[in-house]
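Please read the structure below before turning to the comments.
In what follows, chains are A, B, ... by sequence order, proteins preceding strands, each numbered from 1.
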Amino acid sequence: MSGHHDVSYLAPKDTLWKTIWSWVYTVDHKKIGVMYLSAILLAFFLGGVAAMAVRLELWAPTQTVLERANDGTVTPVTRGVFLDPGIKENGKEVPPNVWYNRAFTLHGAIMVFLFIIPSIPAALGNIFLPIMLGAKDVAFPRLNLFSWYVYVFGGLFAIYSILAGGVETGWTFYTPYSTTTEWGATTAMVLAAFILGFSSIFTGMNFIVTVHKLRAPGMGWFDMPLFVWAVYATAIIQVLATPVLGITLLMLVFERLFKIGIFDPALGGDAVLFQHFFWFYSHPAVYIMILPGFGIASELIAVHCRKRLFGYKAIAFSSIAIAAISFLVWGHHMFLSETAAANIVFSGLTFLVAIPTAIKVFNWLATFYKASISWNTPMLYAAFFIFCFTIGGLTGPPLATLATDIHLHDTYFVVAHFHYVMMGGTVLAFMGGLHHWWPKFTGRMYNEFWARVASVIVFIAFNITFFVQFFLGTQGMPRRYATYDEHFQLLHQISTAGALLLLVGFLIHAAVFAQSLVAGAKAPKNPWGGLSLEWETESPPVEHNFHREPVVTHGPYDYDTVVPAHVDPRDYPLPDPAEVRRVHGDHH
Amino acid sequence: MTSGWLSILDNVAAQGLYALAQTAEPEGWWTRLWFRHSGSTFARSSDQVYDFIFWVSAAFFVPMMVLMVYWGIKYRRRAGVPAQPSPSHNTPLEIAWSVVPTLLMLVMFIWGFQVYIHKFVPPVDAETVYVTAKKWDWEVTYPNGVTPRERTKLTNMDRPVYAFPAGKPIKLVLTSTDVIHSFYIPDFRIKRDCLPNRYTTLWFEAKAPTHTLDDDGKTVKAIDGTGYFLWCAEYCGDFHSQMGAKIAVLSQADYAKWLETQQDTSGIDLVSLGESLHKIQGCATCHSVDGSKGTGPSWKNIWGQTHKFDLGKSSDKAAASRVVDENYIRDSVLTPGLNVVEGYPNQMPAYPNLKPREMIAIITYIQYLSDAGRSEALNKAKTEKTFTDAAAKQGKKPEDLMKPR
């Protein structure tokens with residue numbers, strides 16, 4: 001190939017128009033990944049705004065009283081705390097409760113469908129999976145671009161749905177509520193999720209083929225970085241489970257529009273059937289959300305401990321085991337409506353998934369032993385991830401156990417549990433991965449001090465926000481409540497205070513990233529001393545990722561066998577005199 | 001619903017781990033911190049499973065985090081010091097950390113499903129109470145056919161009160177008239193979905209009374225300022241969070257007396273009875289009494305007015321309008337689709353199960369709500385024979401029993 005592929009993928013073209021065109025029509029997985037990253041960060045912001053609205057509304061237990069005075073005078077009606085715009089729709093005032101219901105629905109729908117599912121695979125996975133495999137691009141670059149535009153199209157449907165009156169069914173769209181509600185633009189949001197599913201399927205297919213066919217010469221399956229293993233396992237679930245969601249959501253749309261009678265008992269349907277269909281996808285989807293986080297945690301811990309990961313194969317196989325078992329546990333979402341026999345079976349199957357998960361955590365922890373741990377921002381996030389994810393994992397058994405789940409089902413205990421897994425797990429791992437790979441894909445370093453400060457604030461604030469919710473749950477506070485009984489107020493206020501602090505932490509992160517983009521120091525090839533292939537190419541990588549096709553001669557974590565004791569891994573694989581002269585960072 | 005093999009499992013469970021719970025101490029501060037109250041006989045049995053899981057979790061979590069911090073400090077990066085050689089694989093260790101959690105989870109699973117089976121299978125001598133959930137209220141029908149009309153304030157909300165006897169198993173048969181709801185009394189540790197297309201069941205036995213009968217012999221009074229809550233736990237729309245009720249546990253004698261007074265409405269005048277039916281029957285969801293627009297027409301000032309109909313929606317194609325009077329209200333309650341008022345959907349369900357006096361009470365209440373009919377309605381209520389007889393029986397004048405208006 002001609003030399004113009006040896007420039008950075010971020011390098012502008014001759015004219016502004018050509019530069020813009022080089023992005024919107026790109027088939028470069030890195031550019032597509034960066035566009036995904038921008039979009040999911042926007043989605044994270046929007047979902048975060050909705051979350052703040054939810055938490056602020058819960059500052060006080062205030063009610064909207066249904067009752068009016070008998071003599072015709074209107075008694076003072078208590079209003080919403082925060083969400084109380086008094087707007088009329090179809091000549092009827094929208095009660096404050098409905099605004100709250102819309103806020104938590106948007107929070108859930110945006111965070112799940114637009115942020116967390118595409119977050120790691122479609123953004124960081126797109127940028128790094130081919131590079132880590134030593135490939136020039138994904139297997140189907142045009143399909144990759146198509147999946148990005150499908151994502152944008154789905155996102156536009158979601159935004160239309162918000163502008164056209166919002167949705168208040170909850171992100172789970174349970175029937176027959178969702179087929180009969182008179183509020184908002186539910187159909188548009190369901191279609192948005194349907195369309196986004198295709199984006200997810202295309203990305204998954206692309207990654208599976210890429211992993212199978214495009215590994216660099218010399219790279220066997222067990223020479224792949226664990227991030228690749230995790231994204232591979234995720235892709236399998238995406239391809240197998242998402243079509244079920246697609247069909248289910250389509251049936252829901254048909255039920256709403258044409259009153260077919262699948263899910264609505266008033267039309268002869270079955271109310272719980274939808275939940276079976278929905279969770280047959282959406283429980284595996286939980287692992288679509290967390291498995292890539294596991295992958296990032298493995299990378300962060302190995303690289304920043306500069307040590308071979310303990311139990312590489314156990315971690316790799318446990319990802320595949322989790323992917324397989326994830327298809328067998330959906331019934332635990334129906335413990336309150338199903339028969340005892342079904343519940344006992346699903347309770348037992350649900351425990352199975354905990355075993356490979358526990359093995360992973362033990363392996364990560366064992367890697368700390370006799371390591372050389374650099375406590376920079378990515379590693380702090382790896383440790384915070386282990387802390388929060390372990391709590392998230394250990395609060396799973398009370399929900400898998402039938403006796404205790406009956407009490408805890410649909411309470412704040414569940415809310416706290418899945419936020420510890422999704423946010424304490426996936427989001428913290430994502431933040432760690434973002435800092436870990438930021439120098440590589442932007443070519444800029446960030447301010448380490450302020451990034452650490454922000455990460456510690458996020459960690460503390462996260463725990464304040466969500467730990468109290470375990471107590472709210474065990475004390476009997478149900479989910480999705482716009483108002484609540486007075487005795488829960490203190491715990492709610494602690495949670496809201498934590499959420500405000502969490503906002504501060506993320507704003508500092510945003511400022512650190514902005515500063516880095518504008519004025520960050522130029523990043524070296526290998527700022528942390530990683531041994532996987534992405535650290536062998538330029539920062540930012542050239543258009544075809546490598547100057548010449550890499551040949552793999554060692555595993556991604558072979559610190560003990562390939563790096564001589566006196567060589568700093570950041571200088572590996574050298575020698576290249578220009579690189580040796582490079583000034584090292586703050587650890588020497 | 002109680003199939004044979006479940007009963008067998010329940011019997012096995014009673015011999016096993018569940019027997020532990022029966023002999024356990026009552027709750028202390030630890031249980032109250034997590035669960036506030038344990039109001040049912042089996043609440044502690046699932047709390048003990050929770051405690052077991054909690055302490056197993058703590059026994060893993062704390063050493064793991066201590067190790068992480070300790071190693072994190074001990075093996076922090078130092079200039080020129082690479083990671084020390086250490087194994088990346090250790091079969092006995094890996095088997096141990098796979099097998100031990102598996103065994104512990106097996107205990108959780110078995111113990112958990114034994115307690116669950118016990119919670120799932122109602123005793124044969126349980127008294128059956130029927131629960132109908134609807135947006136956004138609970139209608140509880142007792143064995144004597146009564147749906148109680150007692151109300152109370154829950155935070156700022158006007159909510160129903162439902163009483164249950166202490167020391168007697170109650171079986172609940174649950175259903176819903178619209179969407180999925182979930183019947184949840186946290187202090188009893190019971191929860192079950194109410195489905196629109198099938199019945200589900202629950203049972204419990206309340207431990208000790210939380211309430212006694214008040215001096216009037218009709219309403220309940222909290223013994224120590226508490227009492228339990230009933231909540232809806234499955235999201236059901238606008239007023240999901242207000243779909244609550246107060247649960248009062250009474251002694252069996254008080255409970256019997258309370259049921260009796262709830263059954264007898266003769267001592268309630270027609271206007272007050274209509275007012276309470278407006279809430280209990282769910283009329284309030286669609287029909288306001290202050291003139292504000294809802295899903296159906298407000299009841300304020302409609303008595304004697306002419307209602308114009310949407311003939312497209314009405315099944316009676318002949319009548320374009322009717323004057324609001326006794327017969328019009330009666331028709332609207334029994335056959336709501338007959339005459340549908342202009343500008344409103346044809347959405348109201350029929351209420352064929354109202355007793356004759358209840359129908360009259362609703363009519364009188366609507367009459368009372370209009371300026372033109374108010375004095376006549378109050379007079380009708382004061383002189384109605386059922387009510388005057390009930391007053392005489394108590395040795396009181398009718399006006400003493402009537403709510404001052």
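With a 4.5 angstrom heavy-atom cutoff, B:N90 touches chain A via backbone and side-chain atoms both. Proximity to chain A (any heavy atom under 4.5 Å) is shown, for B:L33, by both the backbone and the side chain. Only the backbone of B:V81 has a heavy atom closer than 4.5 Å to any heavy atom of chain A. Contact annotation for B:Y184: only side-chain heavy atoms (C-beta onward) come within less than 4.5 Å of a heavy atom of chain A. Looking at B:F60, only its side chain comes within 4.5 Å of chain A, counting heavy atoms on both sides. Proximity to chain B (any heavy atom under 4.5 Å) is restricted, for A:T175, to the backbone atoms N, CA, C and O. With a 4.5 Å cut-off on non-hydrogen atoms, A:Y100 does not touch chain B at all. Within the 4.5 angstrom heavy-atom criterion, only side-chain atoms of B:M65, from C-beta onward, approach chain A. For a residue to count as touching a neighbouring chain, one of its non-hydrogen atoms must lie under 4.5 Å from one of that chain's; by this rule B:F229 touches chain A with the side chain only. Neither the backbone nor the side chain of A:T395 comes within less than 4.5 Å of any heavy atom of chain B. Neither the backbone nor the side chain of B:C194 has a heavy atom closer than 4.5 Å to any heavy atom of chain A. Only the side chain of A:Q275 comes within contact range of chain B, with heavy atoms under 4.5 Å apart. Contact annotation for A:Y174: only side-chain heavy atoms (C-beta onward) come within less than 4.5 Å of a heavy atom of chain B.
Two rings, from A:F387 and B:F61, have their centers less than 6.0 Å apart. If you look at B:W231 and A:F488, their ring centroids are not closer than 6.0 Å. For B:H240 and A:Y481, the gap between ring centers is short of 6.0 Å.
Using a 3.5 Å distance cut-off with no hydrogens or angles, the side chains of A:W183 and B:D238 do pair a donor with an acceptor. Remark: the A:H487 side chain and the B:R36 side chain contain an N/O donor-acceptor pair separated by less than 3.5 Å.
Between A:T401 and the options B:V107, B:V115, B:I53, a side chain to side chain contact (heavy atoms under 4.5 Å, CB included) holds for only B:I53.
The aromatic rings of B:Y235 and A:Y177 sit perpendicular to each other, their planes meeting at more than 60°, with 30° as the lower class boundary.
Between the side chain of B:R77 and the backbone N or O of A:H304 there is at least one donor-acceptor pair closer than 3.5 Å.
Rounding to the nearest 0.5 Å gives a distance of 4.0 Å between CZ of A:F413 and OH of B:Y50.
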